[in-house]
**Student:** 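First the structure, which I've put down as structure tokens, then a few questions once you've had a look.
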Amino acid sequence: MTSRVLTRLRRRSRDEGVDARLARDHGHELARIDAACADGSPDRFGLFRALDADTWALLLTKEYERYPNIRALLPDVPEPALQELYNGTSGAALAMQSVAFYRTAMDRFGPLDEGRLLDFGCGWGRLTRYFARDVRPGNLYGCDPVEAILEVCRRTRVPATLARSDFLPERLPFSESFTHAFSFSVFTHLSETAQLACLHALRAGLEPGGVLVLTVRPPEYVDLCELMHPLREELPAGWADEPRHLFIAHAATPDHPQYAGPDMHFGEAVITLPYVRERWAHLFDLVDVDELAADPYQLVLTLRRR
């Protein structure tokens, strides 16, 4: 099954509720999982490992009433306004984007049974929760520089160890080391100074050979993003094939979620692949590059710690 399943499910929503869809397609299996969720065992998230990723994504939306023990176990979902503030959309549409990255990351990670996984820049735990079924209890971590959004994670019961990171980190806010880490739509927003600080902190926190999956904006984003349009006038032909990091800061206003003072290191960023290969090579090997059909302006890079 692919993310097209979520699209079809969403189109049917006018005629059939999510409860009916889940019961029709996975009723027996979900009834068994729902009963097992009530036993209080510490690895209850592991009960969901055999489900396809799209059904897992649908369960995480919690847009259903059936299966009360599953609903009680899974983390709550923040109000749509907060989802849209951080991600531009909410609900099933956001689930379609999220599961596309989740599936790609899991393909690049491989089995995580014995691993320790970090969500760097976890926000409200939008993606952190997806990986809760893939690691052993206690091996999922998340950090973010915004304490208020970490409080949302705690309030909605995201099953991870959480800590606040610095905007310009010298190290990760954990004493543990990690076998795997991911960072979705973080490096798409960082100044070059912040980007390099984060990369050094991640490298130091990963075990030798550890895998980092992150996203960057492709060159085409310069044409899409109005804030970046002034840069087009200064760019020579063929710039996308050169090592370039383009950045325009957001306005440094105290009401901005990532405001940390007048020196704003958060905005809109485009990073070319020649830049990654040249400027990141002393820290990481670039292993794979993947495109997301459900989110085409997020280019997925798989990196291995040197």
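Values in this document were obtained by computation on a predicted structure and should not be read as measured data. Numbers here simply count residues along the sequence, with the first being 1.
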**Student:** Salt-bridged, Asp119 to Arg126, with N to O below 4.0 Å?
**Tutor:** no
**Student:** Does some side-chain heavy atom of Ile33 sit less than 4.5 Å from a side-chain heavy atom of Phe48?
**Tutor:**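 Yes; the side chains approach each other to less than 4.5 Å.
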**Student:** Do the charged groups of Arg305 and Asp285 touch, with an N to O distance under 4.0 Å?
**Tutor:**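 The answer is no: the pair does not qualify as a salt bridge.
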**Student:** Between Tyr297 and Arg217, what is the shortest heavy-atom contact and its length?
**Tutor:**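 Scanning both residues, the minimum pair turns out to be O-NH1, 2.9 Å.
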**Student:** I'd like to know if Arg154 and Glu147 make a salt bridge, using a cut-off of under 4.0 Å between side-chain N and carboxylate O.
**Tutor:** yes
**Student:** Does a side-chain N-to-carboxylate-O contact under 4.0 Å join Arg108 and Asp288?
**Tutor:** yes
**Student:** Check the surroundings of atom CD in Glu170: do more than 12 heavy atoms from other residues, nucleotides or ligands lie under 6.0 Å from it?
**Tutor:**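 No, not enclosed.
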**Student:** Would you find more than 12 non-hydrogen atoms of other residues, nucleotides or ligands less than 6.0 Å from His28 atom NE2?
**Tutor:**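 No - once you tally the heavy atoms of other residues, nucleotides and ligands closer than 6.0 Å, there are 12 at most.
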**Student:** Where is the tightest heavy-atom contact between Ser191 and His265, given as atom of each residue plus distance?
**Tutor:**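 Smallest interatomic distance, heavy atoms only, reads OG-ND1, 2.7 Å.
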**Student:** Is there side-chain contact between Thr302 and Leu286, with at least one heavy-atom pair below 4.5 Å?
**Tutor:** no
**Student:** Go through the steps to decide whether Val276 and Ile271 satisfy the test side chain to side chain contact (heavy atoms under 4.5 Å, CB included), and finish with yes or no.
**Tutor:** CA-CA 7 Å; Val276 171; Ile271 302 173; 3.7 Å; yes
**Student:** Say you draw a straight line from CD of Glu151 to OG1 of Thr156; how long is it, rounded to the nearest 0.5 Å?
**Tutor:**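 It comes to 10.5 Å.
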**Student:** Walk me through it: do Asp43 and Arg49 pass the test salt bridge (charged side-chain N to carboxylate O under 4.0 Å, His left out)?
**Tutor:** CA-CA 11 Å; Asp43 193 21; Arg49 285 177 191 149; 3.6 Å; yes
**Student:** Would you call the rings of Tyr141 and Phe174 parallel, tilted or perpendicular, taking 30° and 60° as the class edges?
**Tutor:**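 Perpendicular: the ring planes of Tyr141 and Phe174 meet at over 60°.
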**Student:** Compare every heavy atom of Ala294 with every heavy atom of Gln97, then report the nearest pair and how far apart it is.
**Tutor:** CG-O, 3.7 Å
**Student:** I need the Arg136 CZ to Leu117 CG distance, nearest 0.5 Å.
**Tutor:** 14.5 Å
**Student:** Considering only heavy atoms from C-beta outward, does the side chain of Leu172 approach that of Leu118 to under 4.5 Å?
**Tutor:**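 Touching, per the 4.5 Å side-chain cut-off.
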**Student:** Check for me whether Arg203 meets the cation-pi criterion with Phe284, that is, NZ or CZ under 6.0 Å from the six-membered ring centre and within 45 degrees of the ring axis.
**Tutor:** no
**Student:** Between the side chains of Arg157 and Asp76, is the shortest nitrogen-to-carboxylate-oxygen separation below 4.0 Å, so that they form an ion pair?
**Tutor:** yes
**Student:** Taking it one step at a time, do Leu231 and Ile248 satisfy side chain to side chain contact (heavy atoms under 4.5 Å, CB included)?
**Tutor:** CA-CA 9 Å; Leu231 295 179; Ile248 296 289; 3.8 Å; yes
**Student:** Can Arg103 and Asp54 be counted as an ion pair, charged N to O under 4.0 angstrom?
**Tutor:**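 The answer is yes: the pair qualifies as a salt bridge.
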**Student:** Using side-chain heavy atoms (C-beta onward) and a distance below 4.5 Å, is Ile70 in contact with Leu30?
**Tutor:** yes
**Student:** Side chains of Gln298 and Ser185: any donor to acceptor distance under 3.5 Å?
**Tutor:**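 The criterion, which ignores hydrogens and geometry beyond distance, is satisfied for Gln298 and Ser185.
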**Student:** Mind checking the OG1-CZ spacing from Thr215 to Phe187? Nearest 0.5 Å is all I need.
**Tutor:**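 It is 9.0 Å, given to the nearest 0.5 Å.
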**Student:** Quick one: do Arg44 and Asp39 satisfy side chain to side chain contact (heavy atoms under 4.5 Å, CB included)? Show the steps, please.
**Tutor:** CA-CA 8 Å; Arg44 285 176 293 170; Asp39 70 6; 3.9 Å; yes
**Student:** Should the pair Phe45 and Trp56 be assigned to parallel (<30°), tilted (30 to 60°) or perpendicular (>60°) ring geometry?
**Tutor:** perpendicular
**Student:** How are the rings of His256 and His250 set to each other: parallel, tilted or perpendicular (split at 30° and 60°)?
**Tutor:** tilted
**Student:** Can you name the closest pair of heavy atoms from Leu303 and Val287 and give their distance?
**Tutor:** C-CG2, 4.4 Å
**Student:** Ring pair (Phe, Tyr, Trp, His ring centres under 6.0 Å), that's the test. Do Phe182 and Phe120 meet it? Break it down for me.
**Tutor:** CA-CA 6 Å; Phe182 68 93; Phe120 182 80; over 10 Å; no
**Student:** Could you check whether any side-chain heavy atom of Leu212 comes within less than 4.5 Å of a side-chain heavy atom of Leu206, counting everything from C-beta outward?
**Tutor:** yes
**Student:** If you count every heavy atom of other residues, nucleotides or ligands that lies below 6.0 Å from Glu207 atom CD, does the total exceed 12?
**Tutor:** yes
**Student:** Could you measure the distance from the OG1 atom of Thr193 to the CG atom of Asp263? Nearest 0.5 Å is fine.
**Tutor:** 9.5 Å
**Student:** Nearest 0.5 Å, please: how far is CG in Leu59 from OG1 in Thr55?
**Tutor:** 7.0 Å
